[in-house]
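For clarity, every value in this text was computed on a predicted model and none was experimentally measured.
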Amino acid sequence: MGDFNQSVILDAVRRSPDGCSRVDLIDATGLSAQTVSNIARRLLDSGLIVEAGKSGTGPGKPRTILRLNPAGMYAAGVHIDPAVLTCVLLDLTGRVVEHSVRPTPVGQDPQQVVASIQTELEQIISRSAVPREKIVGVGVAAPGPVEIDEGMVIDPPLLLGWHRVPLRDWLARLTGLPVFVDKDVTAAAVAEAWAGGDTGAGSFVFYYVGTGIGAGVVLRDEVERGSSGNAGEIGHIIVDPSGPPCSCGARGCVAVTCTPQALVAEAERRGVLPDTRLSSAASDVAVQFSRLCDLADLGNMAALDIIEQSARRTARAISVMTNMLDVDRVVIGGPYWRRLSAYYLRRVPVLLDELSVTRSIRAVPLVGTGVGDDVGAIGAACLVLERTLSPSATRLLLEG
């Protein structure tokens, strides 16, 4: 209970960017004055929070303002996308101290990728000059499915050869740091909840646009991972019944209509892009997808039609989730989001409103991520901070 209460206090301080007093913490948490005072003293002594001046100009004693100490602890994050490998180092407030982005090693051999991760982590830690003892762990965001308890990646469709890869154990041995593994879409939702500001509060769906498409779900400020930790697999929601056949046996699923690879395939089929006969490797898809977006930006009508069609399909997929979950908002982000954002933010909200069952009661806002392009890697680092600092009902065990 004591650890849980400490997490509650830390979370309350974290959610007050201008700081808060002990009296504010009593009001916000419902804890007793003595409990708040004791926990605040422990957090000050450990360097996780600092006193940041006084507040109050009226009668009575001025209140001491408490804020997170950015240098109190750090966390590293890694996002393994089939096309891009991103590493970041965050301080306690979620600010990126250092980062690196490089292509995922060709061939995608798991051990080669993990060795590259170690190299990148060592380099960003060295550049940051952060004392290693202040780094509390490494979070890794990987395509699912994953076994969270084992830190294992289980045959993700877009990482061929990754059969039951013990990612956590391999990386922990190489770095000497605790390692946490989660799905990339879940990590993105954690990033938004931790560092996204107002867009990450309450209940929301994070629609993740990467090499694959997925969703992270946050309900009442808690990330929903599902029984096995693999919630958010939306690839087989049907968004176009007359669309291309899918491996699941249906037609027009998200996986074959909304992913960058699906848009590139459509562009090549229609002659918008030359059919280069390249492999369907993620790096090749990334190049062709960028060309498609360049054409759309230049006003090519066929390219615009393909992206417009993908916006309609995306709105249908999102509406399935928002109608089921009744969330406050939808957040979109991921490695491919920036190129699509102008088109999707113009079209998807209107379409989503038309498909919403609650439109007569309220609108469901759709916004771009407040975290930025590196949301997956930042989310991976936030996994460490979340597990270390944030209160969660699942962590509160009452003994009878």
What's the separation between atom [atom1] in [X] and atom [atom2] in [Y], rounded to the nearest 0.5 Å?
X      : Y      : atom1 : atom2 : answer
Ser32  : Ile26  : OG    : CD1   : 7.5 Å
Ile9   : Phe4   : CD1   : CZ    : 11.0 Å
Ile125 : Arg127 : CD1   : CZ    : 10.5 Å
Arg347 : Gln309 : CZ    : CD    : 12.5 Å
Leu263 : Gln288 : CG    : CD    : 12.0 Å
Ile117 : Leu85  : CD1   : CG    : 5.0 Å

Under a 4.5 Å cut-off applied to non-hydrogen side-chain atoms, are [X] and [Y] in contact?
X      : Y      : answer
Asp374 : Val96  : no
Leu167 : Val114 : yes
Arg164 : Pro110 : no
Ile318 : Leu351 : no
Pro335 : Thr211 : no
Arg339 : Asp294 : yes
Arg14  : Leu385 : no
Leu25  : Leu31  : no

Taking every non-hydrogen atom, the tightest pair across [X] and [Y]:
X      : Y      : answer
Arg22  : Ala40  : NE-CB, 4.0 Å
Ala188 : Tyr208 : CB-CD1, 4.0 Å
Val88  : Ala381 : CG2-CB, 4.3 Å
Thr29  : Val8   : CG2-CG1, 3.6 Å

Distance-only criterion, 3.5 Å: show the donor-acceptor pairs between side-chain atoms of residues 136-158 and protein atoms not counting sequence neighbours.
{"unit_1": "Asp155", "atom_1": "OD1", "unit_2": "His163", "atom_2": "ND1", "d": "3.0"}
{"unit_1": "Asp155", "atom_1": "OD2", "unit_2": "His163", "atom_2": "ND1", "d": "2.9"}

Do [X] side-chain atoms and [Y] backbone N/O form a donor-acceptor pair below 3.5 Å?
X      : Y      : result
Asp184 : Gly376 : no
Thr259 : Ala262 : yes
Arg15  : Ala201 : no
Thr104 : Val84  : yes
Thr314 : Ala311 : no
Ser116 : Gln112 : yes
Ser203 : Arg220 : yes
Asn323 : Val357 : yes
Ser37  : Ala33  : no
Ser126 : Gln123 : no

Using the rule that two of Ile, Leu, Val, Met, Phe, Trp, Tyr join whenever any of their side-chain heavy atoms come within less than 4.5 Å, decide whether [X] and [Y] are in one cluster.
X      : Y      : result
Val209 : Val185 : no
Val205 : Val254 : yes
Leu352 : Met321 : yes
Val179 : Leu159 : yes
Trp337 : Tyr207 : yes

Review point. Within a radius of less than 6.0 Å around CZ of Arg67, do more than 12 heavy atoms belonging to other residues, nucleotides or ligands occur?
Key: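 Enclosed.
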Point to revise | Listed once per pair and sorted, the salt bridge (Lys or Arg N to Asp or Glu O under 4.0 Å) pairs that draw on residues 236-251, sequence neighbours left out | key: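 Passing the test, one end in residues 236-251: Asp240-Arg313.
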Point to revise | Residues Asp328, Arg362; criterion salt bridge (Lys or Arg N to Asp or Glu O under 4.0 Å); working and verdict | key: CA-CA 10 Å; Asp328 300 320; Arg362 65 179 182 92; 5.3 Å; no
Review point. With sequence neighbours left out, which residue pairs that include part of residues 281-313 fulfil the ring-ring contact (aromatic ring centres under 6.0 Å, His included) condition?
Key: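 Found Phe289-Tyr336.
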Exercise for review: Name all residues meeting the ring-ring contact (aromatic ring centres under 6.0 Å, His included) criterion together with Tyr344; count only those two or more places apart in sequence or in a different chain, and write none if there are none.
Suggested key: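 With neighbours one apart ignored, the set is empty.
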Review point. How would you list, by chain and number, every residue that makes a ring-ring contact (aromatic ring centres under 6.0 Å, His included) with Phe180, sequence neighbours excluded?
Key: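 For Phe180, no residue satisfies ring-ring contact (aromatic ring centres under 6.0 Å, His included) once neighbours in sequence are set aside.
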Review point. Do Thr35 and Asn38 pass the side-chain hydrogen bond (donor to acceptor under 3.5 Å, both in side chains) test, and can you show the C-alpha distance, the side-chain angles, and the key distance before you say yes or no?
Key: CA-CA 5 Å; Thr35 297; Asn38 290 342; 5.9 Å; no
Practice item. Would you please name every residue forming a salt bridge (Lys or Arg N to Asp or Glu O under 4.0 Å) with Arg346, sequence neighbours left out? Key: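 With sequence neighbours excluded, Arg346 shows a salt bridge (Lys or Arg N to Asp or Glu O under 4.0 Å) to no residue whatsoever.
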Practice item. Considering only NZ, NE, NH1 and NH2 on the basic side and carboxylate oxygens on the acidic side, decide whether Arg173 and Asp169 come within less than 4.0 Å. Key: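 A salt bridge is absent here (no side-chain N lies under 4.0 Å from a carboxylate O).
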